[in-house]
Amino acid sequence: MSAFFIITGIVTLLGAVFAMSLRNLVHCALAMAVAFSGIAAMYLQLDAQFVGFAEILVYVGAIAILIVFAILLTRSGEAPEKSVLTSGWMAGIAVSAMVFTMLGWAVLNSSAIPKETPPAPVTTVKDVGDALMTKFVLPLEIIGLVLTAAMIGAVIIALKEESKNKNIGRKP
Amino acid sequence: MTALQGCLLISALLFAIGFAGAVTRRHAILVLIGIELMLNAANLNFIAFWRFGPHPEVLAGFMFVLFSMALAGAEAAVGLALVIAIYRHKKTSNLDEVKELKG
Amino acid sequence: MFDKLDQIFVTALHWLVSFLPEAWRPLASSLICIAFILSVFPAVFSITTIFERKGIGRIQNRYGPNRVGIPFTKIRLAGFGQFIPDGVKMLTKEDIVPRAADKVVHFLAPVVMLIPVLLAYAVLPFGKNMTVTDYDAGLLFFFAVGGAVELSVFMAGWSSRNKYSLLGAMRAIAQMVSYEITLILSAVTVVMVVGSLNLNEIVAHQNQYTYGIAHWFVFTPWGLVGFILFFIASLAESNRTPFDLPEAESEIIAGYFTEYSGFKFALFFLGEYLGMFAIIGLGITLFLGGWSSPISFLAWIPSYVWFFTKLMAIVFIFIWIRATLPRLRMDQLMNFAWKFMLPLALMNILVVGIWHYMAADWQRWLVCSAIIFGAYVVLGRGLMHNQKLGKRIYRYAE
Amino acid sequence: MLGEQIIKGLAVTAKNFFGSYVSKERLTTVQYPEEHLAQKENTRQFPFLVYDGDDWEKGLRCVACQICEKECPPKCIYIVKSKDKKPDYKGQPQLYPLTFDIDISVCMSCQICVEVCPFESIKMDTKFELSTDDRFSGLLLTKDKLAKSNRYYQKMHPQDAAESDAVIAAEKAKAAVEAKAKSDAQAKANAAAAAATVPISALAPTPSPPAPAAN
C-alpha cells in the first residue's frame, strides 16, 4: 500500500464522487475524466502498462469527448434549476451503501484472497499480441464485428431525420 | 490490508458510487456516466486479480479488460445516440418525463 | 572521442545523480530529465517563433523582425532577440476573464492542455539512450496522451461562454478526431514492420546501413506514403495551416482561445508549439530514423544533433507550407480526412502486409509501389472530380 | 493528379524566399527611423512664417493683417498686433505681429492660410516628426518656433519658393518705380517751389510771364 497508490485511489474516488454529485453536467463529465485518469494510474501501478495506456486512449481521449458532445447536443450544459435527483433517491443511496458494505465485508475477511504479492509479471506488448492472435482470436474478431455494428447503429439512431422540405427553391 | 484488498475496496467503492449515481440522478447522460464508472470498477477488479493472481502469464484477466473496454466504448456510443434521438423527439433528456412507449 | 561527445548528456546526468544516496537516484534523474525538457523545448519554441516570422516575411518580400537583438543594447542580431520582448509582452499583458465565463474550467483549460503535451516528451528518443522513460508500449502512450488534448480544447471553448470560441472548439475537436485516426493508422505500418511499440527499438531497426545509406522507413514505398500521411495528419493535429480553421482569424477571431489573454494565452501558444514539436519528433522517430544519421560515414556527428536538425528541417517545411497554402473549408477538410487520407492509410497497411511476406528483392519494390501509387491516383481522382466549376445555378434569380 | 498544384505553389514561395536574399530590389521596405522616404515636392504638413535676411525679428514678412486668422477653418492661428510699425521689405512701415501662435494639434494642414496671405509670409513646411511629450504647450508653436528663413523655404520647396520670390521681386520693383516716381515728383515740386520763391526776388527788375503752375 504505497503512498502513491493511496493518492491515486483518493483522486479516483473523489473524481467519481464529483462526477455523480455536481450540478453542472459539463463539470460532471470533466470530473469523470479525472476519475478515469486516476483508474489508468492505478492500472499502471498494477503493472498492466498496455491496459493503462489503452484506458487513457479509450476513456479519457474518446468517451469523455463523446459524452461532452452529447451534453452539448442535448443543450444541457447549464445547471437545471429544479432538483437534480430523482424522487426516490434515498432508496438508491441506501441500496448502493448496502452493496458497498457487503462487498467490503467480503473483501476484508474472506480467506480465498491470496495474501502474499507475487513478483510483478513482465507482460510485453509482444505477449499481449501473441495472446490476442492465438488464444483470443475469436473474441477479437467478434469485438471487431460488434464495434462496426455499434458504429452503424449509433449513426442511424442519431441521424437527423430527412427534413421534409429538403428541396426548397431548387429548380424543378 | 494487502494491496490486493486495497484495490478491491477501491473498486467496490467506485462501483457503489457509479451505481448510486446511475440510480438517483435525473439526467440520462449522468446515468450513462454511472454505468461507465461501474464498468471501470469491474475492470479494476479484473486487473487486480490478474496482477496478484497465481499465474499472471495466462493473461486471461488482461484480455477480458481489453475486450470490456472496447465494448464499453461501443455501448457509450449507442447509449448517447439513443439519448440524442430521445432528446430530439421529446425535447427533454429528463428520464422521469420519458415514460410513454408510443411515438 | 566522438562517442564521448555523443553520450555527454547521459554521462553528465549519471555524474550529477551519483552525488545523491542510492534511494533518491531514480527520482533525481527523472527530475533532471524533466528540467532538461522544460528548458530545451521552450527555447526551441522561442527560436521557432522568430524563424516563422522572418521566414514568412522573406517569402512575402519583406524583412520580418530585425530590430531587437540583445535587449537594452544596440546590437541588432538581425532580430533574433525578438522572442524576449514577445515573451515579456505575452506575460505582462492583463489577463481578462469574461464575467460570464466558468472561472474554474476557464483557468484549468491551459493547464490541461500543457500536461499531456509535456507528457508526450517522456517517450521520444532524443539521442542514443537519451529517452526519459523507455516504455515497452511507448507509441501507444504517445497517442493516448495526444488524445487527451482535445478535452482541454473543449474546456477552453466551452468555458469562455462565447459563440465563436465554442464554434472554434467544435471545429478543432472534429478536425483532431478525424485526423488522429490517420495518424495512428500510418504509425501502425511502422509497428507492423518493426514488431514492437518501443520507440527505441523502432529507431534501432532503422539504424543499420547498406552501402552507406541508412534503413530509414521513408526510403521504402509504403514508408514514403506513410510519412506523407503522417506529415499531413500532424499538420492537422497541431492546427497549422492549411488546417488552421479552428483559429481562423478571418472567420472566428481566435477560435477556442478567443477569451484568453496574457499568461493563459501564452500557455496555449506554448502548448500548440510544443504539441507540434512532439508530433514532429514522433514523425522523425517513426520514419526518418530518429537520431540515426542518413549516411554511415556521417555517423560520428552526435545523435542528438541529428534529431534536432531533422526537427528544425521539418519545422521549416511547416513554416514554408504555412506561407504557401490557403486555408481549407470545413467540409473540404473533412472530405480530405475521411475520403482520402483514411482509405490511403488502410491501403498502406495492406501494402506493408504484402511487403512483409514477399522476398526482399526488386519485385517487392515494384509490386508495393505499384499498388500504393495506383491507390493514390484513384483516391486522388475521387477527391478532385468536383473540380469542374459549372455555370452557377441561381435559386431565385433567373 | 492530386498534389501537383501544391508542389508548384511551394516552388513559387521557395523562389521568393531565396530570391529575397539574392536580389535586393525584391525587399522594398524602408527602415524608417534610419532611412527616410524621399518626400514629394508639394508635401505640406504645418505652416511656418517666412523671414528675409538673417535676423528673423526684423525680416519677418508678416504684417499681422489677420486674414489667415479669420480664414483658418479650425481657428488654430492667434495673432496680436503690435502698436508700433517697422519698415517691411518695400521700406514701407507696417505693423508686425507681437504674438503669432499656431496650435498644430488643431491645424489640419489645409493650406488656406497660404492661399489667402497677400504678403507671401506664411508657407507650408514638410517636417512631420513633431511629437512631444507635452500635449498642450508642446504643440502650440509660437512666433519664434514658426519663423524660418527664405533660404530654408527655397531649399524645401524650390518651385513654390521661386514663384513667391518672383512675386516679391515684382512688387519690390513696382514699389521702387513708385518710389522713384514719387521722389521725382517730390524733386520737381521742390524745384517748382524753389523756382516760385526765386521769381519773386527776380520780379522787380523784369516783368516775366507768370511761373508755370506747380502741378
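We name chains A, B, ... by the order of the sequence lines, and we start the count at 1 in each one.
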Let me confirm one number: the [atom1]-[atom2] distance from [X] to [Y], rounded to the nearest 0.5 Å.
X: A:Met20; Y: B:Leu37; atom1: CE; atom2: CG; value: 4.5 Å
X: A:Tyr43; Y: B:Trp50; atom1: OH; atom2: CH2; value: 12.0 Å
X: A:Thr74; Y: B:Ile29; atom1: OG1; atom2: CD1; value: 4.0 Å
X: A:Phe50; Y: B:Phe62; atom1: CZ; atom2: CZ; value: 7.0 Å
X: B:Ile47; Y: A:Met42; atom1: CD1; atom2: CE; value: 11.5 Å
X: B:Leu32; Y: A:Ile67; atom1: CG; atom2: CD1; value: 6.5 Å

Looking at every heavy atom in both [X] and [Y], which two are closest together, and how far apart are they?
X: A:Gly9; Y: B:Ile10; value: CA-CD1, 3.7 Å
X: B:Leu8; Y: A:Val107; value: CB-CG2, 3.7 Å
X: A:Phe100; Y: B:Ala16; value: CB-CB, 3.8 Å
X: B:Val23; Y: A:Gly92; value: CG1-CA, 3.5 Å

Which residue out of [options] racks up the most heavy-atom pairs below 4.5 Å with chain B?
options: A:Ile93, A:Val58, A:Val51, A:Leu147; result: A:Val51
options: A:Ile157, A:Leu46, A:Ile39, A:Val146; result: A:Leu46
options: A:Tyr59, A:Phe5, A:Phe36; result: A:Tyr59
options: A:Gly104, A:Ser96, A:Ala91; result: A:Ser96
options: A:Ala54, A:Pro139, A:Ala131; result: A:Pro139

Chain B heavy atoms under 4.5 Å from [X]: which part of the residue, side chain, backbone, both or neither?
X: A:Ile143; value: side chain
X: A:Ile63; value: side chain
X: A:Leu22; value: backbone
X: A:Ser21; value: backbone
X: A:Leu13; value: both
X: A:Ala16; value: both
X: A:Ile6; value: neither
X: A:Val128; value: both
X: A:Val99; value: side chain
X: A:Ile156; value: neither
X: A:Phe69; value: neither

> Can you list the steps and then say if A:Leu108 with B:Leu9 is a side-chain contact (heavy atoms from CB on, under 4.5 Å)?
Replying inline: CA-CA 8 Å; A:Leu108 281 181; B:Leu9 272 182; 4.1 Å; yes
> Is there a donor-acceptor pair under 3.5 Å between the side chain of B:Arg51 and the backbone N or O of A:Ala48?
Replying inline: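 No; judged by distance alone, with no hydrogens or angles, the pair does not exist.
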Quick one: what part of [X] sits under 4.5 Å from any heavy atom of chain A, side chain, backbone, both or neither?
X: B:Ile84; result: both
X: B:Met63; result: side chain
X: B:Ala72; result: both
X: B:Val65; result: side chain

> Would the number of heavy atoms belonging to other residues, nucleotides or ligands and lying under 6.0 Å from CZ of B:Phe67 be above 12?
Replying inline: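 Atom CZ in B:Phe67 is packed in, count exceeds 12.
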With a 4.5 Å cut-off on heavy-atom pairs, point out which of [options] contacts chain A the most.
options: B:Leu44, B:Leu13, B:Asn43; answer: B:Leu13
options: B:Pro54, B:Gly73, B:Cys7; answer: B:Cys7
options: B:Ala3, B:Gly53, B:Ala81; answer: B:Ala81
options: B:Leu14, B:Leu71, B:Asn40, B:Leu80; answer: B:Asn40

>> Could you tell me if the side chain of B:Arg88 sits less than 4.5 Å from the side chain of A:Leu73, heavy atoms only?
In response: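 When only atoms from C-beta onward are counted, B:Arg88 and A:Leu73 do not touch, as no gap falls below 4.5 Å.
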> Do B:Val58 and A:Lys135 come close enough that some side-chain heavy atom pair is under 4.5 Å?
Replying inline: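 A side-chain contact under 4.5 Å exists here.
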>> Apply side-chain contact (heavy atoms from CB on, under 4.5 Å) to residues B:His27 and A:Cys28 and explain how you reach the verdict.
In response: CA-CA 11 Å; B:His27 198 285; A:Cys28 290; over 6 Å; no
